[in-house]
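Here the structure comes first, spelled out in C-alpha cells, and everything after it is commentary.
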Amino acid sequence: MNGAADRPIGVFDSGVGGLTVLRELRRQLPSESTIYLGDEARMPYGPREPAEVVGFTREAMRWFARADCKLVVIACNTATSVALETVRDEFPAPTIGVIRPGAAAALSATARRAVGVLATVLTVRSGAYVRALRDLDPLVDVAQQACPKLVPLVEDGKAESPAALDAVREYVEPLLTEGGVVRPVVDTLLLGCTHYPLLRAAIEKVAGRDVRVVDSATTTALAVREVLASHRLTRDGGRAEHALFCTGSVERFQTIARAIFHEDPPDVRETRLA
Ligand code: DGL
C-alpha cells in the first residue's frame, strides 16, 4: 500500500449531472476511492457570469484540498471552461477538466473535420471548446449552440418527453443545415454539458444516422488514468470507498438524481463551501 495513492479522487460538478462522469470514472478505475461534490445550492452555473463561477470553483477546490484528494476532476463543463486555468495553478492537486478530453473525443469521431458543440450559455460564451478543438486541429470547423432549455428539462425528469425532443430539435437542426447562413454542416455532435448524455436518445434521433454523438466521460476517465499512472498515484487494489456530498438540500439532490438516473439515490451528505 502506498499512502499518497490511497487518497481519493475528487469529482466536482455544479449539481447532479457530474454523476455521469463519476460513473465512467468508477467503471474505468474500480480500485480508486472517490469523493463527489455537487454545488446544488448554487446550480445552475450555465447562466452565470464567469467571475462568479471562478469563485465557486475555487471554493470547491479548497474543499477538496481539505479532503486530501490526490487529483480533482472538474466534471462541470461550465466550470472547466471558465475556471480550470485559474484554479489549476492555485492548488497542489493535479486538476483535470472535461473540455480537452471532450474535444479529443470529438476529433477522433469526425471524418469531415466539422464538429458541433452543444453546451450551456457560459460554456459557449467562453469559447473554450473552440479553442480546445483548434489546439488539437487548427483546421477543424466548429459550430456552437447554447441550449438553455435542456438542463431544466433533464432536472425535471423530462429527458424522454416530447418537450425535450422539441427543444433538441430547436438546437440541433440549425447545426445540420446551411440554411442561408454560412455554417459548417457537422458530422459530429459533442455533448458539452454534464446533462446532455441523458438526452442522447433524443439528440441521436434528431441528428440522424450520419452524425456521431460523443461526450467527454470516457476520455476524461482515460486522462485521469494516464495522470495517475505517470505520477505513480494509481491505487493498486483494496476496497474503494465512495462518498457523495452536496450543498443545499440533500433531498433535492436525491430527487433530481432519481429523476435523472431512474435508480435509487445514493447516500448523500450535506456540506458547505463558503
Ligand atoms: N454542470 C453544468 C455543465 O456541465 C450544467 C449544469 C449547470 O448549468 O450548472 O455545464
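When a ligand or atom number is given, it counts from 1 through the structure's own listing order.
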* Asked: Is a side-chain donor-acceptor pair under 3.5 Å present for T120 with T78?
  ->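 Distance-only check passes for T78 and T120.
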
* Asked: So, D187 and T110: side-chain donor and acceptor under 3.5 Å apart, yes or no?
  -> yes

* Can you check whether V151's main-chain N or O pairs, donor with acceptor, with Y196's side chain at less than 3.5 Å? ->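 A pair under 3.5 Å: no.
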
* Asked: Sub-3.5 Å donor-acceptor pair from the side chain of Q28 to the main-chain atoms of T218, do we have one?
  -> yes

Nitrogen or oxygen of [X] less than 3.5 angstrom from that of ligand 1:
{"X": "G46", "answer": "yes"}
{"X": "T120", "answer": "no"}
{"X": "S14", "answer": "yes"}
{"X": "T123", "answer": "no"}

Show the atoms of ligand 1 that are less than 4.0 angstrom away from any heavy atom in [X].
{"X": "Y45", "result": "7 (C), 8 (O), 9 (O)"}
{"X": "D13", "result": "1 (N)"}
{"X": "C76", "result": "1 (N), 2 (C), 3 (C), 4 (O)"}

* Does a side-chain heavy-atom distance below 4.5 Å link D215 with R200? -> yes

* Please write down residue, atom name and distance for the protein heavy atom closest to atom 10 (O) of ligand 1. =>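 Of every protein heavy atom, T78 OG1, 2.6 Å lies nearest to atom 10 (O) of ligand 1.
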
* Are any of the heavy atoms in C193 under 4.0 Å away from ligand 1? -> yes

* **Gap between atom CG of L22 and atom CG of D13 - 0.5 Å precision** => 10.5 Å

* In terms of ring plane angle, is the pair Y45 and F12 parallel, tilted or perpendicular, where the classes change at 30° and 60°? -> tilted

* Give the single entry among N77, L150, V151 that approaches atom 3 (C) of ligand 1 most closely by any heavy atom. =>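 Looking at heavy atoms only, N77 sits closest to atom 3 (C) of ligand 1.
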
* **Pair R62 + E90, salt bridge at N-O below 4.0 Å** =>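 E90 and R62: not salt-bridged.
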
* Under 4.0 Å, heavy atoms only, figure out whether ligand 1 is touched by the backbone of V98, its side chain, both or neither. =>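 It is neither; nothing of V98 touches ligand 1.
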
